[in-house]
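To keep things clear, I will list the structure first and then write my remarks on it.
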Amino acid sequence: MKYSRDNETFTKVSPFVIKRFFSCYLKGDLKSVKKLRDGTVLIETADDLQSEKLLGIKMFSELPVTVEPHRTLSSSKGVVSHFDFLHLDAETISEEMASQGVTGCRKITSRRNGEIKITTSVILTFAMETLPSRVFIGYESVPVRPFIPSPMRCFQCQRFCHIAARCEGKVYCLRCGKDKHDGDKCAEEARCIRVFKMVLRFLDWTIRGDTSVGGKAPIDPPPPPRVSSQ
Ligand SMILES: [Zn+2]
Ligand SMILES: [Zn+2]
């Protein structure tokens, strides 16, 4: 829930007033109500009836407000594979499966020898917190696997947790891990850049002693754990 006018926020609104408002407006207790740093209020309802009533709220303390479902907390993502997905576009799949709670579809592609290929798998977004265990593709019941996004990786320095637009590192070749060379086609043997760099730095450390890493064995921080987005 947020105020409709840009200059109004919930930051200074008393939590007692918020509680009084909802207890008058709704039957039963809400699961949780939290004021967020951006000046909006995050409300977790106990059932669909409460959600429906909340979406109808237009005013709070005589000021216009907007209530909308949370974009990520109220949805889930799952991977579904089916041979027929090869011949159907994402929009058609999403439209045909809307009655099963599907609100979005993205095709999973794979890159082999520099060529991008469409796979039989898609990532479906469902308008529900709990991922369904199966969906129907026509008459066929197909399992849904939780979608686990890849960790954020920079395609400039090949490290994790930032993107190339915010990178202050050196540019390395994505394929061989050496300094970036001319052209996109790399003829070198493919290898993991993180392991390659670690071995180089470790050799430097053992041969020349403490040179650049403050006496500690040079070990990169591990990539962040993969988190399920359901
Ligand atoms: Zn980077
Ligand atoms: Zn290369």
Side-chain angles (χ1 to χ4, degrees), residues 2 34 36-40 42 70-81 85-86 89-91 93-94 103-126 129 131 144-230:
K2 62 179 179 190
K34 253 186 255 170
L36 303 181
R37 277 191 198 176
D38 62 1
T40 62
L42 179 65
H70 195 281
R71 254 177 275 157
T72 48
L73 292 178
S74 319
S75 67
S76 51
K77 281 185 180 184
V79 178
V80 175
S81 304
F85 285 164
L86 278 178
D89 59 72
E91 210 170 291
I93 297 169
S94 177
T103 57
C105 170
R106 187 155 63 85
K107 291 219 156 190
I108 297 180
T109 52
S110 73
R111 186 192 281 261
R112 202 162 280 178
N113 299 326
E115 229 181 288
I116 295 172
K117 285 196 172 160
I118 294 172
T119 67
T120 56
S121 300
V122 296
I123 301 163
L124 296 178
T125 307
F126 294 88
E129 260 175 77
L131 200 65
V144 181
R145 309 186 297 279
F147 167 64
I148 299 160
S150 312
M152 187 196 288
R153 183 181 176 184
C154 171
F155 286 99
Q156 186 159 304
C157 69
Q158 314 303 334
R159 285 172 178 268
F160 293 97
C161 296
H162 69 272
I163 54 169
R166 303 211 171 156
C167 179
E168 289 172 2
K170 217 171 139 183
V171 189
Y172 292 107
C173 176
L174 174 67
R175 185 179 159 83
C176 67
K178 292 183 179 174
D179 290 2
K180 181 83 177 165
H181 17 243
D182 286 341
D184 284 340
K185 294 249 158 97
C186 169
E188 301 268 345
E189 193 190 332
R191 66 183 137 207
C192 170
I193 178 174
R194 301 275 35 107
V195 175
F196 178 52
K197 292 277 160 218
M198 222 154 78
V199 170
L200 283 187
R201 284 161 69 191
F202 190 74
L203 286 176
D204 194 48
W205 178 72
T206 46
I207 294 164
R208 292 199 281 154
D210 177 18
T211 52
S212 62
V213 286
K216 284 184 187 157
I219 292 168
D220 273 4
R226 298 185 126 213
V227 181
S228 167
S229 71
Q230 60 172 314

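Everything numeric in this text was worked out from a predicted model, so none of it was measured. One-based numbering, in listed order, for ligands and for the atoms of each.
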So, taking the atom named [atom1] in [X] and the one named [atom2] in [Y], what distance separates them when rounded to the nearest 0.5 Å?
| X | Y | atom1 | atom2 | result |
| --- | --- | --- | --- | --- |
| His162 | Met152 | NE2 | CE | 9.5 Å |
| Thr103 | Lys77 | OG1 | NZ | 9.0 Å |
| Cys157 | Glu168 | SG | CD | 10.0 Å |

Point to revise | Atoms of the protein (N/O/S only) found under 2.8 Å from the Zn ion (ligand 2) | key: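 Under 2.8 Å from the Zn ion (ligand 2) - ignoring waters, which are not counted - the protein N, O or S atoms are Cys173 SG, Cys176 SG, His181 NE2, Cys186 SG.
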Review point. Rounded to 10°, how many degrees is the angle SG/Cys154-the Zn ion (ligand 1)-SG/Cys157?
Key: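 Between SG of Cys154 and SG of Cys157, the angle at the Zn ion (ligand 1) is about 110°.
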Exercise for review: Using atom types as modelled and distance alone, determine if a side-chain donor or acceptor of Glu115 lies under 3.5 Å from a backbone N or O of Arg112.
Suggested key: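 Checked: no pair found.
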Side-chain polar contacts of residues 104-111 - donor-acceptor pairs under 3.5 angstrom, sequence neighbours left out - could you list them?
{"residue": "Lys107", "atom": "NZ", "partner": "Phe85", "partner atom": "O", "Å": "2.4"}
{"residue": "Lys107", "atom": "NZ", "partner": "Leu88", "partner atom": "O", "Å": "2.5"}

Check your understanding: Any Lys/Arg nitrogen of Glu188 or Arg175 sitting under 4.0 Å from an Asp/Glu carboxylate oxygen of the other?
Key ->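 Salt bridge: no.
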